[in-house]
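Just so it is clear, the model here is predicted, and its values are computed rather than measured. Hydrogens, waters and symmetry mates play no part in the numbers below; they use all other heavy atoms, side chains included. Per chain, numbering begins at 1; letters A, B, ... match sequence-line order.
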There are 2 protein chains.
Amino acid sequence: MSYLNNPQLSEVKLKVLNSALHLFVEKGYFNTSIPDLVKHSGVSTGSIYHGFKDKQSIAEELMAQLLWQIEGEQNAVLAPEKDAWQQYYDLCRWLLETAQNHPHVSQFALRAQHKEFMPELAPICSSKPFIRLREVLERGMQQGLIREMNPMIAAASAYGGVLRLIQLSLDQMLSQPPLEYLDEITETCWRSVAADTEK
Amino acid sequence: MSYLNNPQLSEVKLKVLNSALHLFVEKGYFNTSIPDLVKHSGVSTGSIYHGFKDKQSIAEELMAQLLWQIEGEQNAVLAPEKDAWQQYYDLCRWLLETAQNHPHVSQFALRAQHKEFMPELAPICSSKPFIRLREVLERGMQQGLIREMNPMIAAASAYGGVLRLIQLSLDQMLSQPPLEYLDEITETCWRSVAADTEK
DNA sequence: GTCTATATCTAGATAGAC
DNA sequence: GTCTATCTAGATATAGAC
């Protein structure tokens, strides 16, 4: 089952967007020509340009769809009654799951240099899903589970390790699939921001 | 003073490489044309192609020069007599310094999707400087300053936060220049891998 | 709405004078 | 070694039949 499956979208648009996700990640946006998309998707040039204004708008619609789907999944993962540690753990599991089961999605959302082909798009780190990652840590500070500190530092430290691990995984630098490291990486990263429980 | 200044290189090659660094980061490799390089460097098309085989080899030589220079600086930073914490701290200061004083260098080395325009280049995380980052942590484990754990996890956690902070800085998401966060981010990230000194 | 055929343009790369 | 002028290929995008 492919990741993109918004029933609002026509069959051809879905085909094109799925091919775009595949090819943009495998070859890069600029190395992917419209004829490449035609070949991979089975949709003709004319139909592509009937559905999309130009090549850039394919990337933009792809990004919008992915963000929409990511946001939905993230909301489903976040159970408000849990404490900050549990929320953090669940979010990290979801991040690693996505990297494992839909590596192209992670790669496009996290690694692509969007500025180069979507100049007016806001950077991914100011997107809703990234903001919610930070919010979990801020709740953790209010709960006393995380020590008081600069929220940006806390976010960089708590999620930086996990995101770095995902990048290493996408670069084939790990011997195991990413989820294998879930407990070890979350416990390790959490220590960096956790309040001292000793005293 | 520009970052690239290897006296082995001819004046024109240096001009071209410095312009390439600037333009590849500002506009991206694929959005930078040879005429763009001509305009920015003041070197003519003919001279560029006299010095370089093709556009790709400009990027390759740029990367090679940067890695060579980075490796030299890293060696100068690493004082072998210091303990692992001090080495880690010095390396992080050097990373943040580079991001602050030569953001284009950090951006090209850390963020560019090299695979897309230099297909046969090894990923940056398997380069010598990245390996040395990991070695410092392994020495830390031998010294008992870092708890025993998967070296990849340790590296992802200890450096992931710092690298993440650098990315946020390059994305203009921080209010202060990166070096301002040096102590806070290193102490925070180090906690994640530090051995328990209590017992 | 979907297709094929094609127009147009710009990039990378070269030729050849100096 | 450096320059200008130019070639050529392949990309995006369009036109127009069905």
Practice item. Please work out which residues in residues 8-16 of chain B have a non-hydrogen atom less than 4.0 Å from an atom of DNA chain C and list them by number. Key: none
With the criterion being N/O to N/O and under 3.5 Å, what pairs connect the protein with nucleotides 3-6 of chain D, and how long is each?
{"residue": "dC3(D)", "atom": "OP2", "partner": "Ser44(B)", "partner atom": "N", "Å": "3.2"}
{"residue": "dC3(D)", "atom": "OP2", "partner": "Ser44(B)", "partner atom": "OG", "Å": "2.7"}
{"residue": "dC3(D)", "atom": "OP2", "partner": "Ser47(B)", "partner atom": "OG", "Å": "3.0"}
{"residue": "dC3(D)", "atom": "O5'", "partner": "Ser44(B)", "partner atom": "OG", "Å": "3.3"}

Check your understanding: So, for Leu137(B) and Ala158(B), which heavy atoms are closest and what is the spacing to 0.1 Å?
Key -> CD1-CB, 3.8 Å
Check your understanding: What's the spacing between Cys92(A) SG and Leu179(A) CG if we round to 0.5 Å?
Key -> 11.0 Å
Check your understanding: Counting distance only, does the side-chain N/O of Arg147(A) pair as donor-acceptor with the main-chain N or O of Ser192(A) below 3.5 Å?
Key -> yes
Practice item. May I have the step-by-step check of side-chain hydrogen bond (donor to acceptor under 3.5 Å, both in side chains) for Tyr89(A) and Asp183(A), ending in yes or no? Key: CA-CA 8 Å; Tyr89(A) 181 84; Asp183(A) 286 351; 2.5 Å; yes
Exercise for review: Take the protein atom CG of Leu37(A) and the nucleotide atom P of dA13(D), then report the distance between them rounded to whole Å.
Suggested key: 12 Å
Exercise for review: Considering only NZ, NE, NH1 and NH2 on the basic side and carboxylate oxygens on the acidic side, decide whether Lys27(B) and Asp36(B) come within less than 4.0 Å.
Suggested key: yes
Exercise for review: Specify the separation, in whole Å, of atom OH of Tyr29(A) and atom C1' of dA11(D).
Suggested key: 12 Å
Review point. Parallel, tilted or perpendicular: which fits the ring planes of Phe117(B) and Phe108(B), with parallel below 30° and perpendicular above 60°?
Key: tilted
Check your understanding: Is there a donor-acceptor contact under 3.5 Å from the side chain of Ser57(B) to the main chain of Glu60(B)?
Key -> no
Practice item. Establish, yes or no, whether a centroid distance under 6.0 Å links the rings of Phe30(B) and Tyr29(A). Key: no
Check your understanding: Between Leu182(B) and Thr186(B), which heavy-atom pair has the shortest distance, and what is it?
Key -> O-OG1, 2.7 Å
Give every pair of a protein N or O atom and an N or O atom of nucleotides 7-10 of chain C that lie under 3.5 Å apart, one pair per line with the distance.
none

Revision key, fill the gap. So, with a heavy-atom separation below 4.0 Å from DNA chain C, the residues of residues 48-55 of chain B are Tyr49(B), Asp54(B), Lys55(B)
Exercise for review: Please report the closest heavy-atom contact between Leu23(A) and Thr32(A), naming both atoms and the distance.
Suggested key: O-OG1, 3.4 Å
Check your understanding: What integer distance in Å separates Phe117(B):CZ from dG12(C):C1'?
Key -> 17 Å
Check your understanding: Among residues 17-25 of chain A, which contact DNA chain D at a heavy-atom distance under 4.0 Å?
Key -> none
**Study point:** Asp196(A) with Arg191(B): basic N within carboxylate O range, under 4.0 Å
**Key:** yes
Review point. Could you walk me through whether Glu81(A) and Gln86(A) pass the side-chain hydrogen bond (donor to acceptor under 3.5 Å, both in side chains) check?
Key: CA-CA 10 Å; Glu81(A) 73 279 7; Gln86(A) 263 301 327; over 6 Å; no
Practice item. Would you mind reading off the distance between Gln56(A) atom CD and dA11(D) atom P, rounded to a whole angstrom? Key: 18 Å
Exercise for review: Give a yes or no on whether the ring-centroid distance for Tyr159(A) and Tyr88(A) is below 6.0 angstrom.
Suggested key: yes
Check your understanding: Is there any salt bridge (Lys or Arg N to Asp or Glu O under 4.0 Å) pair reaching into residues 161-173 of chain B, and which pairs are they, with sequence neighbours excluded?
Key -> Arg111(B)-Asp171(B)
Review point. Between the side chain of Gln87(B) and the main-chain N/O of Leu78(B), is any donor-acceptor distance below 3.5 Å?
Key: no
Point to revise | Nearest-angstrom distance from the residue atom CD1 of Ile58(A) to P of dA11(D) | key: 14 Å
